[in-house]
Protein chains: 2
Amino acid sequence: MVTIKEIAERCGVSITTVSRVLNNKGDSISEKTKERIFRVVDELNYVPNAVARSMVTKRTNNIALIVPDISNPFFADIAKGAERTCVNRGFHLFLCNSDMDKEVEKEYIRVLRKRLVDGMIITTQNTEEYDVIFEEMLEDNYPFVFIERYSDKLADVPGVFAGNMDGAYNITKHLIELGHKDIAFITGPLVTSNARYRLEGYQRALKDHDLPVNPKLIRNGNYKVAGGYRETKTLLEQNIQFSALFASNDLMAFGAYQAVKEYGLEIPEQLSIVGFDNIDMPGVIEPQVTTMDIPAYEMAVKAVTILLDLIEGRTPKESKVYYPLKLVNKGSTAPKKEVQDFA
Amino acid sequence: MVTIKEIAERCGVSITTVSRVLNNKGDSISEKTKERIFRVVDELNYVPNAVARSMVTKRTNNIALIVPDISNPFFADIAKGAERTCVNRGFHLFLCNSDMDKEVEKEYIRVLRKRLVDGMIITTQNTEEYDVIFEEMLEDNYPFVFIERYSDKLADVPGVFAGNMDGAYNITKHLIELGHKDIAFITGPLVTSNARYRLEGYQRALKDHDLPVNPKLIRNGNYKVAGGYRETKTLLEQNIQFSALFASNDLMAFGAYQAVKEYGLEIPEQLSIVGFDNIDMPGVIEPQVTTMDIPAYEMAVKAVTILLDLIEGRTPKESKVYYPLKLVNKGSTAPKKEVQDFA
DNA sequence: GTGAAAGCGCTAACAT
DNA sequence: ATGTTAGCGCTTTCAC
C-alpha cells in the first residue's frame, strides 16, 4: 500500500509538502512541485489513508443514518435523500438498519459514536431508556439530528418532522366529510412519536366533528404489511360496523387491502381504506389508496444539511423543521349505506 | 473524550495492560488488575477509539455493500441479510446506494478501499471499464465478493449468484406450456450480467420449443417500475400480437400491470404477466404475478460469510455459489384465443 | 504479571 | 516556498 512517504521520496520533497498539495493548502508551493507530486500520485494511484487522516483531524467525513426498516419505501427514500446529499458534500453515509430492535439501535449508537462517524441522523424508538444516551451525546457536543422521532425531554435536539398530527387530522376529516362516521384506525408502534401523533390527529378530528371515539375500532399495528393485514382481519371478525379504515401508514394499508379482499368486500364500495406516507408504488394497487404525502427525500436532505452544519461548526439556519403534509386523493368515496352493515 | 491513557492512570497501570485486558489478551494479568480496569472502564463509560485501533491493526471491522437501488425490495432484502450477518459477527455494514450511476459506483469503490472498509460486496454494473479496478484489487489481495454480477474476465472473483438463465428459461417454459406462443420480454439493463442471462434464458426456451424469437417483442428496460410501464406501453402501441409478457423483474412487472390496465385489457384473461425476484408485496397486486423466487436474504448471508472468511484469512468453503430459483405460480393462465388479437 | 517504546500514516504548528 | 517535529490513540514487540 503506497503511503505519503513514498510519494514524498519519489518527488524529493517532504511529506508535509505532499500533504499540503493534496489538501489544497499549497498556496505557497511552486507549480512545478505541485505538478510533480500530482504526477507521481497518479502514477502510483495513491489515495490517502482515510483512517490515518481521521486520527489527526478527528473527523471521518462519515455520518450514519439509523432507520428501523429499510424495506419500507418511506425509509428507502429517506436513505436516498441522505446519501445523495452526503456524497455531494464529500461525506459518506453509514446506513444502519435496526429492524426495530432496541438493542441493535443502542449498539449502533454506542459504536458509531466512537469516532467512526462525525454525526448521526436518528430514527430510533426513543423510549425513556434512550434519554440517557442522548443526554450524554448532547453533553459531549456530539452532533445528531432526529428525523420523524421526537423526544419530549430533549426538545432542543435538532430535527426534521412531518406534520403528523395535522396530517392525520386532515385525512380523517376527509373521510368524515365524505360521510363516513365509523372509521377504524390502525396505529403504528406507539413507542414512536409519529405513531402517537397520527393517533391523536385521528381522535381530534372525530371529536371536532362530534363523532365518538370507539376504542374497539382502534387497533395497534406495527407499520408493516403483515401487521395491517392481521389487525384488519381482527377488526372484520369483531363484527363491528365501520365504513372506512385509516391505516397509519401505506404498508399497513396494503395489508388491510389484502385482508378486506379476502373477506370478500369491495373497495371502496363497501369499505374505504386510506393510508399515510404516499409510498411510490404506481399502479400496483387497484383502486389506489388515498394517503398523505410526506416529503421524505426532501426531509432527509434537510436533515443532512443541518447535521453537516453542526459538524462543520456552523449554526444551522433552522434546526427544527416541520413539513406540512398534502392529502393525495386517489379516489376515496362516500360510504354506501345499504352495504355498510356487512359483518 | 476519555482515552486509554486516562484509564491507565486512574488504575495505576500502563496503557499496555489496559489494552491487553480490553482485547482479551490478558492471560497473564492478575484478576485484581482486570477487575479494577473493568470497573474504571464502566465508570467512565470508555469505549476504545475505533479509528486509532484501525490505524495499527489495519482493520476497521467494517465492510461495504454497494447496491444499485435500495428502493428495490430485492436489494433491501440483500441489505438486510448482509447487515444482520455483519452485526452477528462483530462487523458493521456501510450500505452504499449508487443509483446505477457508474461514477458514483467507482467513486465508492475507490474511496472505501482506502482502509475505510476491510472488504466489499459488490453489485455494480461491471462493464469493461471496471475490469481495471477489480484487477487492481485482486493484485492487492483486497477482499471482495460479487452478488448477482458476473465479470467474464474475472472468473475467479468469489461470488454468489442466482440461476438466472435457468430461471428465465423455466418461467418462459411455464408460459409456453400454458399455451402461450407470443411472449413479449422486457430486459433489465443489459450492462448487468443477470439481465443478459435472463434474456438468454427466455430466448433459449423459445428456441427449444420451436418458437420464433421476435425482436419486436423484446424491449430494453431498466429494472424500474417506470421502465416497465414505458416499455409495455410501447409494446401495446406497436400493434403486435402477444398473449403474455415476461418482465425481467417484478418492479417492471408492476409497471407493466399499470400500462396494461390503462390500456383496458384484463389480466390474465387477455394478457398474462410474469416477473422475476418474488418481491414481497402481499396482496397488493390483484391478481398476483407469477414470478421466480430468488433467495436474496440467504444469498447475502452467504456473501458476507465468504467475505469475512477472506478478510480473516480463512479459505472459504465455497467461493462461488449458485442458487437455483423456484417458480412461484400465483395463477398464470392459458391464453384466451378469442381475445388474443386485442391490438 | 507488567511496562517502555516504537510506530501505524497522516496533519499542523512552528520553524527557516 | 519548503522542512522538522510532535502527536493523534491505540497495539505490539521486546524486556524485565
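Proteins get letters first, then strands, A, B, ... in listed order; numbering begins at 1 in each.
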- Within the distance-only criterion (no hydrogens, no angle test), does the side chain of Ser193(A) pair as donor or acceptor with the backbone N or O of Tyr150(A) below 3.5 angstrom? yes
- Applying side chain to side chain donor-acceptor pair (under 3.5 Å) to Thr60(A) and not counting sequence neighbours gives Asp118(A)
- Query: Quick one: side chain to side chain donor-acceptor pair (under 3.5 Å) partners of Thr305(A), sequence neighbours excluded?
  - Reply: none
- Do any side-chain nitrogens or oxygens of Ser30(A) fall under 4.0 Å of OP1 or OP2 in dT2(D)? yes
- Item | OP1 or OP2 of dG3(C) under 4.0 Å from side-chain N/O of Ser14(B) | yes
- Considering only heavy atoms, which members of residues 32-42 of chain A lie under 4.0 Å from some atom of DNA chain C? none
- Message: Measuring from atom CD1 of Ile63(A) to atom CD1 of Ile311(A), what distance do you get when rounded to the nearest 0.5 angstrom?
- Response: 6.0 Å
More than 12 heavy atoms of other groups within 6.0 Å of [X] [atom1]:
| X | atom1 | answer |
| --- | --- | --- |
| Lys5(B) | NZ | no |
| Arg36(B) | CZ | yes |
| Glu43(B) | CD | yes |
| Glu135(B) | CD | yes |

- Query: Can you tell me how far C1' of dT2(C) sits from CD of Glu31(B), to the nearest Å?
  - Reply: 15 Å
- Task: Quick one: list whatever passes side-chain contact (heavy atoms from CB on, under 4.5 Å) with Ala50(B), sequence neighbours left out.
- Result: Leu116(A)
- Query: Hey, which of these two, Val51(A) or Gly12(B), hits DNA chain C nearer its 5' end, going by closest nucleotide?
  - Reply: Gly12(B)
- Task: Quickly, which of Asn62(A), Thr57(A), Asn61(A) forms a side chain to side chain donor-acceptor pair (under 3.5 Å) with Arg59(A)? Name it, please.
- Result: Asn61(A)
- Item | Helix axis bend for the helix from dG1(C)-dC16(D) to dT16(C)-dA1(D) - C1'-based end axes, five pairs, 10° rounding | 40°
- Item | Six-ring centre of Tyr130(A), Lys106(A) cation under 6.0 angstrom, axis tolerance 45° | yes
- Residue Lys58(A), side-chain atoms from C-beta onward, closest of dT2(C), dG3(D), dC8(D): dC8(D)
- Along nucleotides 10-16 of chain D, 5' to 3', which nucleotides get a B, which get an S, and which get a -, given that the test is a protein heavy-atom distance under 4.0 Å? BBBBB--
